[in-house]
Amino acid sequence: MNYWLLKSEPDCFSIADLAAAPKQTTYWDGVRNYQARNMLRDQMQPGDLVLYYHSSAEPPAVVGTAKVVKAGYPDHTAQDPKGDHYDPKHTAMSPIWYMVDIQLGEIFPRELPIGELRGVPALKEMELLKTGSRLSVQPVRKSEYEAILKLAKQPAPAESATAKKPAKRKAVAGATKGAPRKRGG
DNA sequence: GCCAACGTTGGC
DNA sequence: GCCAACGTTGGC
């Protein structure tokens, strides 16, 4: 049994969208990065547990958990010429891109903003917190997964304890750059 | 909006 | 196979 973190922009597919989906289950399409693809295709198995992360959100945060319910299989959205994730090199005969199915685990009673996670010693090695970490599918250690779950059930730390933030920030809402991404890649 | 960090592309 | 140019990601 393995642990993972999946990123999604909430404007594209939030954990609330997952909660509203039939059977609270969805296929995780749109990953177009080879490293992430390899994990989807080769490593993720039914029963694996997933941290659900909202990227490009305010604030970016781990917001809940999910469970892998179907191992990697070809991502058919790569075959849709009208879709955002079309790749002419991907065919049914020789697929390039893969996806898994996930089902909602729980929505945390509170979000865990990345700034707060940066201050947690148990998460020091976490892939998400490394500079330049951009993978939309990341392996997570069991100890990290458990530390996150524990944190989610604790009250939010006092304002001063959360990691630094710039005094002022522009609102990020609607800051669309490039084509909309469903789930990253 | 900025920009660091990373992945991909393509000329050679 | 190198590597510069370019595109993308994503926190800030």
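Lettering of chains follows the sequences in order, A, B, ..., and the numbering in each one begins at 1.
In this structure, the side chain of A/Asp48 engages the main chain of A/Asn2 through a donor-acceptor pair within 3.5 Å. Side-chain atoms of A/Arg118 come within 3.5 Å of backbone N or O of A/Leu129 as a donor-acceptor pair. Listed for the A/His90 side chain is a donor-acceptor partner under 3.5 Å among the backbone atoms of A/Trp97.
For C/dT9, the OP1/OP2 oxygens have no side-chain nitrogen or oxygen of A/Lys7 closer than 4.0 Å.
Computed from coordinates, the A/Asp11 CG to C/dT9 P distance equals 14 Å when rounded to whole Å. What separates CD of A/Gln138 from P of C/dG11 is a distance of 10 Å, to the nearest Å. A straight line from CG of A/Asn33 to P of C/dT8 spans 14 Å, rounded to a whole angstrom. Straight-line distance from the NE2 atom of A/His54 to the C1' atom of C/dG11: 16 Å, rounded to whole Å. If you measure from atom OH of A/Tyr34 to atom C1' of B/dT8, you get 9 Å, rounded to the nearest angstrom. Straight-line distance from the CZ atom of A/Arg118 to the C1' atom of C/dG10: 11 Å, rounded to whole Å. Rounded to whole Å, the distance from CG on A/Leu117 to C1' on C/dG10 is 15 Å. When the P atom of C/dG11 is taken as reference, atom CD of A/Glu111 falls 13 Å away, rounded to whole Å.
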Which atom pairs link the protein and nucleotides 5-7 of chain C when you take only N or O atoms and keep those under 3.5 Å?
none

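Just one of A/Tyr98, A/Trp4, A/Tyr52 meets the ring-ring contact (aromatic ring centres under 6.0 Å, His included) condition when paired with A/Trp28; it is A/Tyr52.
Listed by first and then second residue, the side chain to side chain donor-acceptor pair (under 3.5 Å) pairs that reach into residues 123-132 of chain A come to none, sequence neighbours excluded. Applying the salt bridge (charged side-chain N to carboxylate O under 4.0 Å, His left out) test to pairs two or more places apart or on separate chains, those with a residue in residues 95-113 of chain A are A/Glu106-A/Lys153, A/Arg110-A/Glu116.
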